[in-house]
Asker: 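One structure follows; several queries about it will come next.
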There are 2 protein chains.
Amino acid sequence: MKNIISNINKAFDHRVRLGIMSVLMVNEYADFKTLKELLGVTDGNIASHTKALEKQKYIKVEKSFIDRKPNTRYLATQNGRKAFQAHLDALEKLLNKDINIDNTDK
Amino acid sequence: MKNIISNINKAFDHRVRLGIMSVLMVNEYADFKTLKELLGVTDGNIASHTKALEKQKYIKVEKSFIDRKPNTRYLATQNGRKAFQAHLDALEKLLNKDINIDNTDK
DNA sequence: TAAAGTACTTTGAAAAACAAAGTAAATGTA
DNA sequence: TACATTTACTTTGTTTTTCAAAGTACTTTA
């Protein structure tokens, strides 16, 4: 490992995306409105963060009509689950690691 | 609590700042070069991320000359330590929380 | 004393984040 | 049955952040 943050996934750096993934790890799916309410962010925000995760193939989108209204569901992909778990492991390692600097010559 | 990410600190959202704080939590101080090497990022990057943390008063900077060369040390403030620990607690809560959505009507 | 190295800082472009406005269909109101 | 409102998103454009390249001010080496 080159540096102490090399295994931290840039795609999950943002708290909104962290929140989205957390929700999708424990629920089979969540729809647009649910994510929006759980995370307390604006529509455009959910849209762009989900789009970013979708682009990485960490989540997938299913569009349908429920009660004649459009409904967008987000689901974590198998790949996304793996990547997120790896990210959490990397985070834990970073935080628990002894990063002891030799400052004796300073 | 309004939403599931409300206690996650925006200032620590970025992996570089997460790394800087992790280092400064367990070491009394770290200098510019050390941080740069530990994190594997460019000079300008370290500069801007430390500046951001400094602006929030989460770290402080001490400038001196060592062996006639300029040396910049970064230290976590008491406030910074508290905020970072709170952030970690919030992260842990988010990840361990049962965010179970009632999807029965969907 | 000229060239190279060290330790940063500044700058400007590129990317990301964000909220406001837009769209389109459904529903409520008079 | 029109018209306004709500729902469920998407699009747009501005602001903010990130980032690396270039710049500065020395110090060291040849």
Side-chain angles (χ1 to χ4, degrees), chain A residues 2-3 5-6 8-21 23-24 29-56 58-75 101 103 105-106, chain B residues 2-3 5-6 8-21 23-24 29-56 58-75 101 103 105-106:
Chain A
K2 314 164 289 292
N3 62 66
I5 54 169
S6 58
I8 298 205
N9 194 330
K10 205 183 155 178
F12 303 130
D13 247 0
H14 195 280
R15 68 202 181 289
V16 170
R17 292 192 296 271
L18 211 61
I20 291 171
M21 289 307 293
V23 170
L24 297 185
Y29 60 87
D31 62 23
F32 189 93
K33 200 188 169 207
T34 304
L35 282 183
K36 191 189 135 162
E37 282 168 357
L38 279 174
L39 300 172
V41 295
T42 58
D43 299 15
N45 239 278
I46 288 290
S48 59
H49 287 296
T50 52
K51 194 165 285 178
L53 290 170
E54 202 194 344
K55 202 173 164 188
Q56 302 283 322
Y58 290 157
I59 67 174
K60 61 183 169 179
V61 180
E62 286 181 1
K63 278 166 188 294
S64 65
F65 281 85
I66 293 176
D67 296 333
R68 324 185 110 238
K69 282 182 273 183
N71 184 267
T72 303
R73 282 179 180 175
Y74 300 96
L75 301 84
I101 306 168
N103 277 324
D105 58 331
K106 306 282 169 60
Chain B
K2 315 166 290 292
N3 62 66
I5 55 169
S6 58
I8 298 206
N9 193 331
K10 203 181 156 178
F12 304 131
D13 248 0
H14 195 281
R15 67 202 181 291
V16 171
R17 292 192 298 269
L18 210 61
I20 292 171
M21 290 306 293
V23 170
L24 297 185
Y29 60 88
D31 61 25
F32 190 94
K33 200 189 169 206
T34 304
L35 282 183
K36 191 189 135 165
E37 282 167 358
L38 280 174
L39 299 172
V41 295
T42 57
D43 298 15
N45 237 278
I46 288 290
S48 59
H49 286 296
T50 50
K51 194 165 284 178
L53 290 170
E54 202 193 342
K55 202 174 165 189
Q56 301 283 323
Y58 290 157
I59 67 174
K60 61 183 169 178
V61 181
E62 286 181 0
K63 278 164 187 297
S64 66
F65 281 85
I66 294 177
D67 297 334
R68 324 185 110 237
K69 282 182 273 181
N71 183 269
T72 303
R73 283 178 179 177
Y74 300 96
L75 301 84
I101 306 167
N103 276 325
D105 57 332
K106 305 285 170 59

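Numbered from 1 within each chain, the chains take letters A, B, ... in sequence-line order.
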Asker: Which part of the nucleic acid does Thr72(B) contact within heavy-atom distance under 4.0 Å: base, sugar-phosphate only, or nothing?
Answerer: sugar-phosphate

Asker: Report yes if at least one side-chain N or O of Arg15(B) is closer than 4.0 Å to OP1 or OP2 of dC19(D); otherwise report no.
Answerer: yes

Asker: Please report, rounded to the nearest Å, how far the P atom of dT9(C) is from the NZ atom of Lys55(B).
Answerer: 16 Å

Asker: Less than 4.5 Å apart, any side-chain heavy atom of Leu18(B) and any of Ile5(A)?
Answerer: no

Asker: So, taking the atom named NZ in Lys36(A) and the one named CG in Asn45(A), what distance separates them when rounded to the nearest 0.5 Å?
Answerer: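 If we round to the nearest 0.5 Å, Lys36(A):NZ and Asn45(A):CG are 10.5 Å apart.
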
Asker: Using atom NZ of Lys33(B) as one end and atom P of dT27(D) as the other, report the distance to the nearest whole Å.
Answerer: 17 Å

Asker: So, taking the atom named CG in Leu35(B) and the one named CD1 in Ile101(A), what distance separates them when rounded to the nearest 0.5 Å?
Answerer: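 Here the interatomic distance stands at 6.5 Å.
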
Asker: Report the nucleotide, chosen from dT10(D), dT10(C), dC19(D), that has the shortest atom-to-atom distance to any side-chain atom of Ser48(B).
Answerer: dC19(D)

Asker: Rounded to whole angstroms, how far apart are CG on Leu39(A) and C1' on dC9(D)?
Answerer: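 Going from Leu39(A) (CG) to dC9(D) (C1'), I get 16 Å.
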
Asker: How close or far is atom C1' of dT27(D) from atom CG of Asn71(B), stated in whole angstroms?
Answerer: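 Rounded to whole Å, this separation is 14 Å.
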
Asker: Would you mind reporting whether Ile66(A) and Arg73(A) have side-chain heavy atoms less than 4.5 Å apart?
Answerer: yes

Asker: Find out whether Leu38(A) and Val23(A) are in side-chain contact, i.e. whether some heavy atom of one side chain is under 4.5 Å from a heavy atom of the other.
Answerer: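 Contact flag for Leu38(A)/Val23(A) side chains = yes.
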
Asker: Could you state the NZ-P distance from Lys63(B) to dA7(C), rounded to the nearest angstrom?
Answerer: 13 Å

Asker: How long is the line joining CD of Glu62(A) and C1' of dA8(D), in whole Å?
Answerer: 17 Å

Asker: Could you state the CZ-P distance from Phe32(A) to dT11(D), rounded to the nearest angstrom?
Answerer: 11 Å

Asker: What's the spacing between Asn71(A) CG and Phe32(A) CZ if we round to 0.5 Å?
Answerer: 11.0 Å

Asker: Between Val41(A) and Asn45(B), which residue's closest nucleotide on DNA chain C lies nearer the 5′ terminus?
Answerer: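 This one resolves to Asn45(B).
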
Asker: Which dot-bracket string fits DNA chain D when only Watson-Crick or G-U wobble pairs with both atom distances under 3.5 Å count, crossing pairs get [ ], and | stands for a partner on a different strand?
Answerer: ||||||||||||||||||||||||||||||

Asker: Can you see if the side chain of His14(B) gets near the phosphate of dT16(D) - specifically, an N or O under 4.0 Å from OP1 or OP2?
Answerer: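 The answer is no; no side-chain N or O of His14(B) sits under 4.0 Å from OP1 or OP2.
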
Asker: Set out, line by line, the N/O atom pairs under 3.5 Å between protein and nucleotides 23-26 of chain C.
Answerer:
none

Asker: Please report the distance, rounded to the nearest Å, between CG in Asp31(B) and P in dT9(C).
Answerer: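 Rounded to the whole Å, the gap is 12 Å.
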
Asker: Quick one: which of dA20(D), dT11(D), dC18(C) gets closest to the side chain of Thr42(B)?
Answerer: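 Looking only at side-chain atoms, Thr42(B) lies closest to dA20(D).
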
Asker: Side chain of His49(A) only, please: which of dC18(C), dT10(C), dC19(D) is the nearest?
Answerer: dC18(C)

Asker: Any heavy-atom pair between the side chains of Tyr29(A) and Glu62(A) that's under 4.5 Å?
Answerer: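 No, their side chains stay 4.5 Å or more apart.
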
Asker: Report the distance from atom CG of Leu24(B) to atom NZ of Lys60(B), rounding to the nearest 0.5 Å.
Answerer: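 Atom-to-atom, Leu24(B):CG and Lys60(B):NZ are 11.5 Å apart.
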
Asker: Tell me whether the side-chain N/O atoms of Lys51(B) come closer than 4.0 Å to OP1 or OP2 in dT10(C).
Answerer: yes

Asker: Which value, rounded to the nearest 0.5 Å, describes the distance between Glu54(A) atom CD and Leu75(A) atom CG?
Answerer: 11.0 Å

Asker: Which part of the nucleic acid does Lys36(B) contact within heavy-atom distance under 4.0 Å: base, sugar-phosphate only, or nothing?
Answerer: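 Since no nucleic acid heavy atom lies under 4.0 Å of Lys36(B), the category is nothing.
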
Asker: Look up atom NE2 in His14(B) and atom NE2 in His14(A), then write down how far apart they are to the nearest 0.5 Å.
Answerer: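 If we round to the nearest 0.5 Å, His14(B):NE2 and His14(A):NE2 are 10.5 Å apart.
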
Asker: Which nucleotide, dC8(C), dA19(C), dC19(D), lies nearest any side-chain atom of Lys10(A)?
Answerer: dC19(D)

Asker: Would you mind telling me which residue lines up with the more 5' stretch of DNA chain C, Asp43(B) or Ala52(A), judged by nearest nucleotide?
Answerer: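 Closer to the 5' end of DNA chain C: Asp43(B).
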
